[in-house]
Amino acid sequence: MRLLRVARNDKRFQSAKIMDRQEYNITAYTENQVGLLNRIAIIFSRRKINIESLNVSPSEIEGIHRFNIVIVETEEVVEKLAKQIEKQVEVLKVYYNTNADVIWQEMALYKVPTDVIAEKVLVERLLRENGARAVVIRKDYTVFETTGHREETDNLLKALQPYGLIEFVRSARIAIIKASDGFHHKLQEFERREPGEEVAENEFLNDRDAVFTM
Amino acid sequence: MLSAPSPASPAALPTPTPVSGAVATLQALVAEGVDTIFGYPGGAIIPIYDALYDFKAQLNHVLVRHEQGGIHAAQGYARSSGRVGVALATSGPGATNLVTGLADALIDSTPVVCITGQVFAHLLGTDAFQETDIINITTPVTKWNYQVTRAEEIPEALAKAFYIARSGRPGPVLVDITKNAQMQLFDAPEYQPCTHIRSYRPAPVVRRKYVEQAAALINSARRPFILWGQGVVLGGAEAEFREFVEKSGIPAAWTILGTGALPTGHPLNVGMLGMHGNYGPNVLTNECDVLIAIGMRFDDRVTGRLDKYARQAQIIHLDIDPTEIGKNVPTAVPVWGDCKETLPLLTALIEPKQHTAWLARFNDHLAQEVAAVIREELFPTSEELTMGEVMQQLNEITQGEAVIVSDVGQHQMVACRYARQNQSRSHVTSGGLGTMGFALPAAIGAKFGAPHRPVVAVIGDGGFQMTIQELGTIMQTGVDVKIIILNNQFLGMVRQWQELFHQRRYSFVDIQSPDFVAVAAGYRIAGQRVDARAELRPALEKMLAHPGSFLLEVLVTKENNIFPMVPQGCSVAEIRLR
Ligand SMILES: Cc1ncc(C[n+]2csc(CCOP(=O)(O)OP(=O)(O)O)c2C)c(N)n1
């Protein structure tokens with residue numbers, strides 16, 4: 001909220017806040033509950049917002065799951081979405097960050113015919129240049145894997161396409177915060193408090209200039 | 001979700017006797033203090049109905065005529081009583097008939113618990129007879145929902161349901177119980193109400209810093225203005241609100257769901273906000289310097305065009321729901337919290353003041369509105385009856401002590417504008433969803449929720465025909481509901497828009513009606529039809545004196561319009577008197 005109010009007093013920031021659509025990483029900590037995915041998905045679909053990437057996995061805390069959602073939107077919209085997600089009964093806490101604030105990765109698998117690869121490509125060089133790894137090598141096909149930002153996984157895709165790429169798949173994005181104590185600390189604090197005691201706003205965001213300067 | 005029951009020393013607990021899931025369901029309702037349920041049976045909920053047979057002494061079940069009537073009745077009950085309303089329905093069509101009421105309750109923050117039957121768990125997902133995926137259907141229209149497939153889950157699921165429905169910003173929840181879970185016998189532990197959910201923080205910690213900032217802003221304001229909504233009523237903060245208003249001396253206006261939190265006759269109550277609200281509050285919204293919004297959500301019916309809404313004002317927003325703060329209007333000071341808690345903190349920090357000159361401007365605008373609209377509406381010189389004079393006469397007889405339940409349309413706006421209210425929880429209406437057909441069943445529920453107050457439903461000829469079957473519920477239960485049908489022989493509000501914005505192209509808005517008094521008579525309900533001024537007052541008196549329900553049909557002017565009006569897409573300051 002402090003961030004918000006500072007922003008509102010600053011005309012330039014305000015228009016930037018409204019105008020600039022960019023990738024945001026929304027991180028939601030939730031209870032592990034049937035139907036929650038639908039509840040969260042509806043928050044995006046009713047506003048006709050397309051989810052670019054969605055990953056759900058258990059977190060480091062027992063019984064708590066972590067959603068990583070990527071959308072392209074303005075901060076103003078993202079902030080409202082984050083609040084609406086957090087309002088769901090089974091959601092503990094929601095944070096949102098720009099790409100600059102997080103370390104993020106996507107994983108890709110590439111399946112190519114082994115004979116072509118073996119004949120025509122300097123496989124070793126290809127792997128080295130793209131930071132890739134062969135996961136499976138069979139007579140009929142080979143599966144490679146890379147992990148990284150979109151450009152990185154795209155590079156190997158481009159390199160392999162001329163050699164009869166059979167199949168390609170990329171995972172949802174996962175992201176982790178750059179700050180040293182990360183979300184975990186905040187969440188622990190949230191969990192420690194009994195009903196009624198709550199962090200009134202997303203304090204983390206208030207401090208983000210300090211936290212994120214690396 | 002459902003964790004193991006908390007361990008207790010075995011000695012402290014009586015040896016549990018096995019009960020069915022159905023019995024456990026009803027035990028949970030009794031333990032939650034429920035006295036009345038509104039419902040309709042069917043195959044998938046028969047076990048619960050079977051158990052109800054033995055709970056007649058503790059639970060009054062009202063058999064409605066349609067599940068939509070059931071949930072609206074539960075809403076009316078909740079709104080007049082301040083307690084949680086409960087509705088029962090069977091699976092499939094029974095459950096889907098609840099959807100409109102759930103949507104209505106969600107947007108109007110009404111605490112309701114719906115229990116639906118569901119097919120046997122082993123049939124889930126097979127398109128079994130009367131199976132619908134009610135959990136997914138109702139996800140967008142519930143605060144929370146949950147499907148029970150084993151009897152052991154029932155006590156905890158219902159405890160959570162009631163806790164979630166009534167705490168924080170209240171809302172509807174739905175618990176879907178498969179038939180096998182209703183029938184299954186299990187050792188029910190003693191019922192434990194829910195007081196904590198790991199991921200749910202209904203009562204936020206109040207940040208004093210913001211309360212202080214708000215007080216400073218209020219103390220420095222020259223033309224401050226208070227807007228209040230249902231949050232004041234839901235928080236039970238009427239007294240705290242009144243103290244704040246009186247100490248600050250600030251004029252205050254209400255949204256239609258906030259109505260009654262400050263009596264209509266209070267000198268600082270300057271009227272209703274929004275599309276058909278009063279002239280002064282709308283115009284002066286764009287002239288105040290500090291706008292204090294309390295438990296209201298800046299709905300578009302209140303704000304009109306947002307980019308021209310109170311741009312000059314610094315806005316202080318008190319709300320329990322953080323998603324409402326900054327949602328529609330930029331907030332200078334957000335005061336997140338239950339206003340029952342935040343208002344006294346704020347009152348303590350503000351200086352006592354009187355904004356005499358500023359208040360006088362509201363009264364000047366009111367005088368203009370009286371001259372242009374209100375006098376003719378309430379004391380017409382025309383031959384035909386007006387909706388406004390019906391409300392005026394009603395006010396004089398009931399002295400503002402009745403619970404008014406209004407439907408949706410022109411008559412609703414007339415009822416909201418003119419009904420006199422001396423106390424809170426005196427007007428039940430469908431605000432956010434604008435659900436026609438709401439009033440008749442909601443009035444039934446409202447009477448069960450406030451049995452010692454007169455309940456008067458004000459309904460249009462169109463809306464009445466949407467849930468007319470609930471006359472059967474009135475007949476069977478003998479509930480005392482006075483019904484006024486304001487019959488303009490049109491779907492009036494739509495006709496008004498067609499007249500004003502579509503060159504009087506009255507496309508499918510003239511609606512024929514049955515002989516309402518005869519229909520009521522068919523249900524053994526007394527009634528009368530009035531079309532002359534001289535008959536109105538005696539008929540209203542007769543209706544109110546009548547022991548039991550009474551239907552009064554009043555033929556009113558066909559083409560009357562509700563003014564003032566903020567036309568769609570206009571700023572509140574552009575409100576038209578004519
Ligand atoms: C379920 C539903 N359908 C349609 C509407 C749209 N609508 C709003 S007001 C109105 C006309 C209401 O007519 P009537 O009940 O006769 O009341 P009047 O406006 O004449 O007082 C209609 C059709 C609605 N609000 N709810």
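Here is how names work: the chains are called A, B, and so on, in the same order as the sequence lines, proteins then strands, and each is numbered from 1.
To the nearest 0.5 Å, atoms CG (B/N136) and CG (A/N38) are separated by 4.5 Å. Note that CZ of B/R198 and OG1 of A/T30 are 10.0 Å apart. Values are rounded to the nearest 0.5 Å.
When heavy atoms are compared at a cutoff of 4.5 Å, B/N145 approaches chain A by way of both its backbone and its side chain. With a threshold of 4.5 angstrom between heavy atoms, B/T142 approaches chain A through its backbone and through its side chain. Contacts of B/I135 with chain A are absent, with no heavy-atom separation under 4.5 Å from either backbone or side chain.
A donor and an acceptor atom, one from each side chain of A/Q88 and B/W144, are nowhere located under 3.5 Å apart. With 3.5 Å as the limit, one finds a donor-acceptor pair spanning the side chains of B/S199 and A/E31.
Surrounding CD1 of A/I176 are at most 12 heavy atoms belonging to other residues, nucleotides or ligands under 6.0 Å away. The environment of A/R47 atom CZ is dense: over 12 non-hydrogen atoms of other residues, nucleotides or ligands sit within 6.0 angstrom.
Counting heavy atoms from C-beta on, the side chains of B/D321 and A/K87 come closer than 4.5 Å. You'll find the side chain of A/E86 stays beyond 4.5 Å of the side chain of B/T323, heavy atoms only. By the 4.5 Å heavy-atom criterion applied to side chains, B/Y200 and A/E90 are not counted as neighbours. Side chains of A/K83 and B/K327 form no contact here, defined as non-hydrogen atoms less than 4.5 Å apart.
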- Go through the steps for B/K160 and A/V89 under the test side chain to side chain contact (heavy atoms under 4.5 Å, CB included), then give the verdict. CA-CA 10 Å; B/K160 277 181 84 167; A/V89 168; 5.6 Å; no
